[in-house]
Q: 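There's a structure below that I have some questions on.
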Amino acid sequence: MEQLNVFDYSNTLIACYFTDNKHCVHANKDHTLMYICSGELEIEENGRNTLLRPGDCAFMRRDNRLIMNKHADEQHPYKSIMLKFSRSFLREFYRAIAKDDLPAQSKRAKDSLVVLPNNRPDIRGLFNSVIPYFDAGTKPSEEILKLKMTEGLYVLLNTDENLYASLFDFVDPWKIDIIDYLEQNYMNELSIQQIAYYTGRSLSTFKRDFAKVSNLTPEKWIIRRRLEAAHELIQQGKRRVTDVCFDVGFKNLSHFSKLYKETYGYAPSAA
């Protein structure tokens with residue numbers, strides 16, 4: 001009998017347990033560290049396929065769309081654990097570290113997926129320490145969650161100094177964070193020129209800063225975010241498709257339906 005379990009603790013520590021193969025499109029809103037306990041995970045991103053096996057750990061950069069195929073068999077169910085780093089946590093961590101210790105040559109990478117070296121004791125120790133919470137169905141305290149986030153962050157920072165630039169990809173302090181602003185306003189009818197102005201930038205500076213945090217153009221990012229929001233609302237089954245279409249920012253129902261089907265494989269009315 002197929003068994004599906006997803007444990008989500010504060011949208012920070014998440015475990016998935018599947019006894020059947022699963023296919024999904026995963027859009028990261030936060031930087032994520034993923035560990036495979038059993039089964040296999042095949043990830044497709046930007047035309048590249050990566051296979052993760054038990055004991056493998058990978059960093060998934062935020063604001064990227066990954067296609068995931070989770071493989072299980074009778075002897076090996078699929079089980080993985082994800083640790084997600086919110087912007088607020090990263091900012092708090094960044095404020096507390098000594099800036100003189102930051103690597104001067106760290107460069108922000110555009111890779112959406114980074115596989116970490118396997119068989120590292122710090123990685124095994126981190127994820128083995130949280131498995132008992134999921135096995136017991138017990139939520140860790142917020143203090144424990146914060147400790148695990150800090151431990152996971154050091155796993156990444158001790159892997160590659162360039163991850164400093166990816167994790168702490170905050171723009172100059174007088175500028176508004178682009179992704180934060182878009183998360184609050186993706187449903188509004190704003191031109192790219194207006195978004196640049198409202199985030200404290202010229203149009204050219206906005207495009208340059210946006211390219212640092214996403215492989216998509218701003219226009220495509222907004223469309224993708226609207227589709228994600230629409231998909232979530234439609235899956236809840238409480239709203240009419242027409243209402244969802246306009247509420248997330250689309251102006252044309254037929255265009256919305258076409259994009260939705262291209263992204264999710266079926267029409268919104270069939271969800």
Q: Charged N to carboxylate O below 4.0 Å: is that the case for Arg124 and Asp56?
A: no
Q: Pairing donors with acceptors under 3.5 angstrom, does anything connect the side chains of Ser202 and Thr205?
A: yes
Q: With under 30° as parallel and over 60° as perpendicular, where do the rings of Phe93 and Phe168 fit, or are they tilted in between?
A: parallel
Q: Report the C-alpha distance between Asn21 and Lys70 in whole Å, list the side-chain angles of each, state the deciding distance to 0.1 Å, and finish with yes or no for side chain to side chain contact (heavy atoms under 4.5 Å, CB included).
A: CA-CA 5 Å; Asn21 294 339; Lys70 302 170 183 179; over 6 Å; no
Q: Please tell me whether Tyr78 and Ser80 have a donor and an acceptor in their side chains that are separated by less than 3.5 angstrom.
A: yes
Q: Whether Arg95 and Glu92 form a salt bridge (side-chain N of Lys/Arg under 4.0 Å from carboxylate O of Asp/Glu) is what I want to check.
A: no
Q: Residues two or more places apart in sequence or in another chain: which of them pass side-chain contact (heavy atoms from CB on, under 4.5 Å) with Pro132?
A: none
Q: Check whether any side-chain heavy atom of Leu253 sits under 4.5 Å from a side-chain heavy atom of Thr242, and report yes or no.
A: yes
Q: If you group Ile, Leu, Val, Met, Phe, Trp and Tyr by side-chain heavy-atom gaps below 4.5 Å, do Ile97 and Leu167 land in one group?
A: yes
Q: Does a side-chain heavy-atom distance below 4.5 Å link Thr159 with Arg120?
A: yes
Q: Given 3.5 Å as the limit, does a donor-acceptor pair link the side chain of Thr138 with the main chain of Tyr133, or not?
A: no
Q: I'd like to know whether Arg225 forms a side chain to side chain contact (heavy atoms under 4.5 Å, CB included) with Glu183, so could you lay out the CA-CA distance, the side-chain angles of the two residues, the decisive distance to 0.1 Å, and finally the verdict.
A: CA-CA 8 Å; Arg225 185 65 185 92; Glu183 282 288 345; 3.0 Å; yes
Q: Nearest 0.5 Å please: distance from the CG atom of Leu147 over to the OG atom of Ser141.
A: 7.5 Å
Q: So, for Ala229 and Val248, which heavy atoms are closest and what is the spacing to 0.1 Å?
A: CB-CG1, 3.9 Å
Q: Kindly indicate whether the side chain of Val114, heavy atoms from C-beta on, has any atom under 4.5 Å from the side chain of Met60.
A: no
Q: Just checking Tyr197: does its OH atom have more than 12 heavy atoms from other residues, nucleotides or ligands closer to it than 6.0 angstrom?
A: no
Q: More than 12 foreign heavy atoms under 6.0 Å from CD of Gln184: is that the case here?
A: no
Q: Decide salt bridge (Lys or Arg N to Asp or Glu O under 4.0 Å) for Glu44 and Arg48; before the verdict, give the C-alpha distance in whole Å, the side-chain angles of both, and the deciding distance to 0.1 Å.
A: CA-CA 6 Å; Glu44 180 183 340; Arg48 181 180 67 170; over 6 Å; no
Q: Mark yes or no for whether Asn185, through its side chain, and Asn188, through its backbone, hold a donor-acceptor pair below 3.5 Å.
A: no
Q: Out of curiosity, Ile144 CD1 to Lys139 NZ, how far, rounded to the nearest 0.5 Å?
A: 13.0 Å
Q: Shared ILVMFWY cluster between Phe89 and Tyr94, side chains joined below 4.5 angstrom?
A: yes
Q: Using a 4.5 Å cut-off on heavy atoms from C-beta on, say whether the side chain of Cys57 contacts that of Leu33.
A: yes
Q: Any side-chain heavy atom of Pro218 within less than 4.5 Å of one from Trp221?
A: no
Q: Ignoring hydrogens and geometry, is there a side-chain-to-backbone donor-acceptor pair from Asp243 to Arg239 under 3.5 Å?
A: no
Q: Assign the ring pair Phe127 / Tyr35 to parallel, tilted or perpendicular, where the plane angle (0 to 90°) is split at 30° and 60°.
A: parallel
Q: Linking I/L/V/M/F/W/Y whenever any side-chain heavy atoms sit under 4.5 Å apart, do Leu203 and Ile179 land together?
A: yes
Q: Within this structure, what is the CZ-NZ distance for the pair Phe246 and Lys251, rounded to the nearest 0.5 Å?
A: 8.5 Å
Q: With side chain to side chain contact (heavy atoms under 4.5 Å, CB included) as the criterion, how do Leu90 and Leu153 come out once you've worked through the C-alpha distance, each side chain's angles and the decisive distance to 0.1 Å?
A: CA-CA 9 Å; Leu90 291 172; Leu153 201 53; 3.7 Å; yes
Q: Compute whether any side-chain donor of one residue and acceptor of the other, for Glu142 and Ser10, lie under 3.5 angstrom apart.
A: yes
Q: For the backbone of Asp247 and the side chain of Arg226, can you confirm whether one donor and one acceptor N or O come within less than 3.5 Å of each other?
A: no
Q: What's the spacing between Asn158 CG and Ile123 CD1 if we round to 0.5 Å?
A: 10.0 Å
Q: For the pair Val130 and Leu83, evaluate side chain to side chain contact (heavy atoms under 4.5 Å, CB included) and give the outcome as yes or no after the intermediate values.
A: CA-CA 10 Å; Val130 299; Leu83 189 60; over 6 Å; no
Q: Go through the side-chain N and O atoms of Arg62 and Ser214 and say whether any donor and acceptor fall under 3.5 Å apart.
A: no
Q: With a 4.5 Å heavy-atom cut-off, do Thr50 and Glu42 have their side chains touching?
A: no
Q: Where is the tightest heavy-atom contact between Arg61 and Val213, given as atom of each residue plus distance?
A: NH1-O, 3.4 Å
Q: Kindly assign one of parallel, tilted or perpendicular to the pair Phe7 and Phe134, based on the angle between their ring planes and the thresholds 30° and 60°.
A: tilted
Q: Using side-chain heavy atoms (C-beta onward) and a distance below 4.5 Å, is Glu40 in contact with Leu52?
A: no
Q: Indicate yes or no: at least one non-hydrogen side-chain atom of Tyr154 is less than 4.5 angstrom from one of Leu126.
A: no
Q: Output the distance between atom CE (Met82) and atom CG (Asp30), rounded to the nearest 0.5 Å.
A: 10.5 Å
Q: What is the minimum heavy-atom distance between Pro268 and Ile234, and which atoms define it?
A: CB-CD1, 3.6 Å
Q: Of all the heavy-atom pairs spanning Leu163 and Leu156, show the shortest one and how long it is.
A: CD1-O, 3.4 Å
Q: Using the salt bridge (Lys or Arg N to Asp or Glu O under 4.0 Å) criterion, which residues pair with Asp180? Sequence neighbours excluded.
A: Arg87, Arg91
Q: Does atom CD (Glu189) have a neighbourhood of more than 12 heavy atoms from anything else shown, all under 6.0 Å?
A: no
Q: Heavy atoms only: give me the nearest Phe85-Gly152 pair and the separation to one decimal.
A: CZ-C, 3.8 Å
Q: Can you tell me how far apart CD1 (Ile36) and CG (Asn118) are? Round to the nearest 0.5 Å.
A: 12.5 Å
Q: Output yes when Glu143 and Lys146 qualify as a salt bridge under the 4.0 Å nitrogen-oxygen rule, no when they do not.
A: no
Q: Would Arg224 and Glu219 pass as an ion pair if we require N to O under 4.0 Å?
A: no
Q: Could you tell me whether the side chains of Arg201 and Thr199 share a donor-acceptor contact shorter than 3.5 Å?
A: yes
Q: More than 12 heavy atoms of other residues, nucleotides or ligands under 6.0 Å from CD of Glu232: yes or no?
A: no
Q: Can you see which heavy atom on Pro140 is nearest to which on Tyr9, and at what distance?
A: CD-CD1, 3.3 Å
Q: Can you tell me which residue pairs pass the ring-ring contact (aromatic ring centres under 6.0 Å, His included) test with a partner in residues 37-69, sequence neighbours excluded?
A: His31-Phe59
